Every structure is written in structure tokens, then in C-alpha cells.
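Remember, it's a predicted structure, so these values are computed and weren't measured experimentally. So that the names make sense, note that chain A is the first sequence line, chain B the second, and so on, each numbered from 1.
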Amino acid sequence: MLQVTEIRENKDAFIQALTKRGIDAAEDLEAVIKADETRRSTQAELDETLSQSNKFSKEIGMLYKNGEVDKANAMKEKTVELKETSKKLQEQLNAAVEELEQLLHNLPNIPHESVPAGTDENDNEVVMEEGEVPKLGDEALPHWELAKKYDLIDFELGVKITGAGFPVFKGKGAKLQRALITYFLDKNTEAGYTEYQVPHVVNEASGFGTGQLPDKEGQMYHITGDNLYLIPTAEVPVTNLFRGDLLMHNELPITCTGYTPCFRREAGSYGAHVRGLNRLHQFDKVEIVRIEHPDNSYAALDGMVEHVKSILRDLKLPYRILRLCGGDLGFTSALTYDFEVFSTAQDRWLEISSVSNFETFQANRLKLRFKNSEGKNELVHTLNGSSLALPRVIAGIMENYQTPEGIKVPEVLVPYCGFDMIS
RNA sequence: GGAGGAAUGGCAGAGUGGUCGAAUGCGGCAGUCUUGAAAACUGUUGAGGGUCACACCUCCGGGGGUUCGAAUCCCUCUUCCUCCGCCA
């Protein structure tokens, strides 16, 4: 959520920045400023009224103390009108606040200055590319065929018990997935992240705090009976651990990692791109989350990018990093780097990580602040990234590591798997 | 599921109708001392709104009520704790 005081001061800069997302926010921002003015003037009027009635109350108290009951009773009558006025003003104020919040909730974050302008994924900027793309023969198979050949994943069984997009992992397929989760968590904790195990369902306040609600309501599974939501990413429960907190500056940064399944309705997805593991309703992911001092958040973002790189180097997967353009940038993000692994057999890039700095956007919704070194309260910066999302990593490994004899297991995973070949 | 108890500032914890936005301790900040740090000592320090700055307003789990006046009384919801029952 953007900060009103900043909009008030830099309206034009905000309008300018939002054009990068392909949004003309001039009208909305003007409405924000107007609603804010109404809010402030109503508040001032209400405060004045309340101030009056506070004064009367104190005087009445004094009169009673002095035994001047008649005078006190006379004064009581004066308060009646004030009460009615303040009630009316309070209602007006509530309406103004609600209108203002409505507007603010629907405005996306301001893109960082380095974010390229653009409308969709075609305008994303390739920052770097690394790793060797293996040369596979013509007989190379996509992962959904390999999964069948070696009996690693059963998509039909998932359909039977739940529906499309809920695969069942079996045997060495299941074990490979478990190995990856443990390996990722080890890698993250070695880098200093504290491991958390969190609930996989969250309440409405949590969904709002990280910005999934109300923006992405339709993408989440909603448990209507209890008004809870299945998490679309560990970002939601983990970041919300700190919702409403006022931290001390020396507590920063806070760094967390956690493994959770993720649930996404993916309404509107279709076609060959959703085949196999490419797009699922339930998938596993290991996430890293950082709560940072604003001065350090971009250095921290770079650090997270380096960290994810080192994992992909370990796994010896060819990958590239994209800087998302304004049009492809998530609602809450100021700057996002996507990591993609090249799948040789599919001849396409698969997104396996997304690393973002949300600056104060989430913190403002979460009311997550810290006391700075001057003793003043300030919003923190929040960041998160996948390290990593499992299914496409598995797809990438299966496809890139296939040989006529079977699928080789990346060296770093062998100790975690207990086998070095799937055949 | 049944019976009791509780929810106060970053944290712990006093406060039961009228200078209570709230004692005290810890923590934070500033300073003295020290080569530096620690310790000790001194000062300062709740949050949000508002203002150039004051003034002023709101906030003692959420919502509603009683009253001229509520952290304090009443209703309601939520959460936590203790005991009993059930149970992975």
C-alpha cells in the first residue's frame, strides 16, 4: 500500500512511475488526495468538537467536587448538542477513511527506477545467462514422458483423487522431491536463514498484509466454512509472522526460510504450457524472506540473487535471470528478478524462482515498523524469493540429465537421495 | 465439548468512574566515565492522526452500550491460560 503523505508530496512522480506499469493513475491519485483532504478537514472539525466536550466534562467534574450541583446540571445540557455533532462527524470521517483506503488498496507498488518499461513478459530484460545447455539426442523426452517411463509421477492418479494439476509423486520421484526440499533448506540455513514451519492456511488479515487480498482473491483457494485461505506461497504466512510488530533497529535484518506446499487456482491457464509439471494447482516450494532496513534492502536483494545463483550452479542447471518489466511486475513488487531454467527437451525456459523487493509496500499494509537509530518509527522493507520452486526444477533435472541409460542425479543431491541414477 | 481466569506501551508488569496516556523494571536513544567496549551513573523515551511548529484529537484485545466523563461499569465477539472430558 502506497503512503498517502508521499503521494501528497510527489503526486507527479507517482503518476510518472506508474506509467511503467502501463497504468494511468492520474485520476486515482487525484481522488486519493481529495479523499485525504476530506478526511483531514473532517477530522479537524471532529477534534474541535471533542475538545469542547472534553472541556465541559472537566468543568462538570470540578463543579461536582465543589458541590455546585445546579451549575453542573446546567452544563450537562450543553453537551447534548456537541454529542450529536460529534456523532455525525464521526460517521462522515469513517466514510472518508473507507473511501481513501478503498483507493489505496487498489493501487500497485511504484516500480524501482531500474525497472524497464514494457507491457508483458516479452519486454523483460535478460540480465545474465549462465550454465551449459546439454546436447541431447533426438530421442530426448519431455519430463511428462520421462515421468511415465520411469514411473516417477502419476498425473492420472492425481486427477482421480483430486483433479487436474495435482500430481502424485512416486518412488524415486517422491524421493527426489524430498531430497531437493532438504537440500534447499540446508543451503538456506547455511546462508543464515532461520528455518520455519508454518501453517498452510491463513486468515484474511494475513492475505491482506502481503497483498494477495483483495487483489488476487480469485487465485486463492478459499475455505468458506472458516473463512481461511490455502496459501499460494510461504511468503504469506512467513512475512505475516511479523505483522503489526515494532522492531528495534538492531533486530534487523530478519531472515527466514520455510518449505510449504503452495496452492493456486490458476484460473484462466490453458494449453501446452501447463502440461506436466509446468503449471500446477499444488506444488512445493522453499521460500526465503527478509525483513530489512530500507538502506540495505537493495544490497539484500542482490545477496538473494547471488544465493539463488549458487544453488543453480550447484545443480549445474543452465539458467538465466530476467529483470521484470513494468507490465509483468507483480502488484506488490518494486523490483523483481525471475530465474528461469532452460529445459532442453522442451526447448523453453521455465520460471523456477522470483526474487523481489517490496520496499515499504507490504510493510505499510502489515504495519510492520522498526525504531531507527534516531528513535523514530519507520516502515521496514520486505523481500522474498523462491529458493526454489520444486516442480520445474524437477522438470529441468529430468529433462537435462536424461541419458539413454536413465536420468542421472545431480551430484549435490546424491547424498540426499541415496541413489545416483533413475533407471 | 464443560467449568473457571485473563487480555494494558518494544517487552515484562501496576493501575477498578474525573489532571491516567497510564507507576515501576527491562529494552531503545543521548550523555558522563573509558584508548575503545562492557559495567556503573545521569537525562530522555508509548502509538496513530493533526500542525511550519505548538495546540488539539484518538488509542489500554475487536465491536457495541451506560455516563457530563470509561483502561476502570454492562453486553458481545476473538484470543490465551488453568482444570475436566475426548483425541492424533
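- Contacts between chain A and RNA chain B, taken as any atom within less than 4.0 angstrom of a protein heavy atom, begin and end at B:G10 to B:G69.
- Listed by first and then second residue, the salt bridge (charged side-chain N to carboxylate O under 4.0 Å, His left out) pairs involving residues 321-331 of chain A are A:E125-A:R323 (not counting sequence neighbours).
- Every residue was checked against the side chain to side chain donor-acceptor pair (under 3.5 Å) condition with A:R178, not counting sequence neighbours, and none meets it.
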Residues 156-171 of chain A side chain polar contacts: donor-acceptor under 3.5 Å, at least two apart:
residue : atom : partner : partner atom : Å
A:K170  : NZ   : A:D151  : OD1          : 3.0
A:K170  : NZ   : A:D151  : OD2          : 3.3

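- Within 4.0 Å (heavy atoms only), A:N54 reaches sugar-phosphate atoms of the nucleic acid but no base atom.
- For A:E340, the salt bridge (charged side-chain N to carboxylate O under 4.0 Å, His left out) partners at least two apart in sequence or on another chain are A:R320.
- For A:K11, the salt bridge (charged side-chain N to carboxylate O under 4.0 Å, His left out) criterion is met by A:E30, not counting sequence neighbours.
- Less than 4.0 Å separates RNA chain B from at least one heavy atom of each of the following residues of residues 32-51 of chain A: A:R39, A:R40, A:Q43, A:D47, A:L50, A:S51.
- Not counting sequence neighbours, A:E98 has no partner by the side-chain contact (heavy atoms from CB on, under 4.5 Å) test.
- Mapped onto RNA chain B by nearest heavy atom, A:I60 and A:N250 fall at different nucleotides, with A:N250 at the one closer to the 5' end.
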Which atom pairs, donor and acceptor, lie under 3.5 Å between side-chain atoms of residues 54-62 of chain A and protein residues at least two apart or in another chain?
residue : atom : partner : partner atom : Å
A:N54   : ND2  : A:L50   : O            : 3.4
A:S57   : OG   : A:S53   : O            : 3.1

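- Against RNA chain B, the stretch residues 364-378 of chain A makes heavy-atom approaches under 4.0 Å through A:R369, A:K371, A:S373, A:N377.
- For A:E121, there are no salt bridge (charged side-chain N to carboxylate O under 4.0 Å, His left out) partners, not counting sequence neighbours.
- A gap of 9 Å separates the C1' atoms of B:A22 and B:U8, to the nearest Å.
- Remark: A:K87 does not engage A:E84 in a salt bridge, criterion side-chain N to carboxylate O under 4.0 Å.
- Listed by chain and residue number, nothing satisfies the side chain to side chain donor-acceptor pair (under 3.5 Å) test with A:E351 (two or more places apart in sequence, or in another chain).
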